[in-house]
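These figures come from a predicted structure and were not determined experimentally. The figures that follow rest on heavy atoms only: side chains count, while hydrogens, waters and symmetry mates do not. Here is the naming used below: chain letters follow the sequence lines, and residue numbers restart at 1 for every chain.
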There are 2 protein chains.
Amino acid sequence: MNAPVTITQTRADEAFDCLQTAIVKGELAPGEKIGELDLCERFNLTRGPVREALGRLESRGLLVRRPHAGVRVVSVSAAELLELYRIREVMEGLAARQAAERMTDQEIADLQATLDSHETMIEEARGQAYYQAEGDYDFHHRIATGSRNTKLAQMLLGDLYYMVRMYRYRLSTSSGRPHRALGEHRRIVEAIAQRDGELAEFLMKRHINAARQNIERKIEQGEISF
Amino acid sequence: MNAPVTITQTRADEAFDCLQTAIVKGELAPGEKIGELDLCERFNLTRGPVREALGRLESRGLLVRRPHAGVRVVSVSAAELLELYRIREVMEGLAARQAAERMTDQEIADLQATLDSHETMIEEARGQAYYQAEGDYDFHHRIATGSRNTKLAQMLLGDLYYMVRMYRYRLSTSSGRPHRALGEHRRIVEAIAQRDGELAEFLMKRHINAARQNIERKIEQGEISF
DNA sequence: ATTTCTTGGATTGTTGACAATATGAAAGGA
DNA sequence: TCCTTTCATATTGTCAACAATCCAAGAAAT
């Protein structure tokens, strides 16, 4: 008799999720001061769970808190965003290498199928930057998981990606980029399928480096406001 | 009139520090179940702040929590500890590279002075593994900070180092290693002083890789119990 | 007019009581 | 004897009131 899986999401977890998505989606703008009572009213919760969630978010670096003075959504400067990509470069490079060594054949097949669906997505939803970004996120998510490196996946999925996603909503990918990015994804998966960890690492690093340079260009051209 | 610097460490911060050091020092063994009330009594605090601290520690991966079933100190397996070093390798490699580009001359001079004091420490305190380990920690700490990469330093200092230190107390460094490690530190600093980021990255990666292999050897020889 | 000091208000930090849930022991049946 | 089920207890999750602290508006003085 299977007990009903007890998905006992505690209220604090609920608050945590709500807040995290609110921050990522930009409903709470960076730098904005947010009061605890506002949040309680907004999510129909009491202060206890909300406070616990705030503590967790703070220690993950999404919020900054000053005693008795409230919490603010962290505001990442342009320079810091670029630094984030430098970190991604080395960490995801490692993830790709380990994924090449450890992913199952089934996982690799699924990953290739995912890329196919991304391709149709790009063609159909021309200009729908949001879904393209989600596809990109999906790709990187699978490789992080495929590395079988618990802590690495935790740091990528639990920390870095959320900070990057905060800015996805402002950084519409430039017109030519999605196609190129998909091609890069394909080559990375090829390397993984051939179990060539070294190559997978190299290609992933180059892929993220290209994304970083793309952002850098936009910042120089003043297409982004911080 | 300077107001007395208001070091208003909130109770939750206090609880956080107490718990973190207790975990790192091994006073709370990995896998051990810890009750909230025990902690309150132990640190003379009430459950509110303690709970908040537990939440933060959990999201940093030092604790694992199951709803209504209490929290346990995370127990890292041998394999996971080695994976941790793989992450350190790439992240600290990046830190060394950026440190070579960005540390001030003064910081580099201080770092060299630190190594001198480590040298006397190793000679005098022969076998005092603890202080040698602290010296090693100091070295890596300075480079992480010197990278001027806020998030990178945060991840290294706030996450990885605490997990590694948890096991420093069990992994007494093998007899020959401290001297060799000091030599490696010296060469890394040399590269930084010459502003050769590429070389600094390479040497740091090799340094951490050597430390990992050292641990791997000990595990094979059954000198470590997990 | 500008600066400093004071004070009221609002917000955060903390506390102890209350409700919900998992763990483990005891009882019953196979 | 072993397994399943039930129930009591202890522990965790949640709540609402209380205390401590910061912030901003306004008054006083230079």
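Atom CG of B:L63 is separated from atom P of D:dT12 by 13 Å (rounded to the nearest Å). Between the CZ atom of A:R65 and the P atom of C:dT12 there is a distance of 9 Å, rounded to whole Å. With rounding to whole Å, A:L37 atom CG is found 14 Å from D:dC15 atom P. Rounding to whole angstrom units, CZ of residue A:R11 and C1' of D:dT12 are separated by 15 Å. With rounding to whole Å, B:R72 atom CZ is found 14 Å from D:dT11 atom P. Remark: P of C:dG13 and CG of B:L45 are 15 Å apart, rounded to the nearest angstrom. Residue A:E52 contributes atom CD, which lies 15 Å from atom C1' of C:dT14 at whole-angstrom precision. Atom CD in B:E14 sits roughly 13 Å away from atom C1' in C:dT14 (whole-Å rounding).
Side-chain atoms of A:R47 and base atoms of C:dG13 include a donor and an acceptor less than 3.5 Å apart.
A donor-acceptor pair shorter than 3.5 Å cannot be found between the side chains of A:N149 and B:E80.
Among the protein residues, B:G70 comes within range of the sugar-phosphate backbone only, with heavy atoms under 4.0 Å from sugar or phosphate atoms but none that close to a base.
Residue B:E36 places its side chain closer to D:dG13 than to any other of C:dG13, D:dC15, D:dG13. Closest to the B:R51 side chain, of the nucleotides D:dG13, C:dT14, D:dC23, is D:dG13. Set against D:dT14, D:dG13, C:dT23, the side chain of A:A12 has D:dT14 as its closest nucleotide. Candidate nucleotides C:dT23, D:dA16, D:dT12 were compared by shortest atom distance to the side chain of A:T46, and D:dA16 ranks first.
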* Asked: So B:E201 and B:Q98, side-chain hydrogen bond (donor to acceptor under 3.5 Å, both in side chains) or not? Walk me through it.
  -> CA-CA 9 Å; B:E201 177 170 16; B:Q98 296 194 316; over 6 Å; no
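The shortest distance between the side-chain N/O atoms of A:T10 and the OP1/OP2 oxygens of D:dT14 is below 4.0 Å.
For the atom pair A:F139 CZ and A:I188 CD1, the distance stands at 4.5 Å (nearest 0.5 Å).
The one candidate from A:R212, A:R217, A:K218 that meets the side chain to side chain donor-acceptor pair (under 3.5 Å) condition with A:N214 is A:R217.
Comparing B:V71 and A:A69 along DNA chain D, the residue whose closest nucleotide (by nearest heavy atom) sits nearer the 5' end is B:V71.
You'll find the ring centres of A:H207 and A:H185 inside the 6.0 Å limit.
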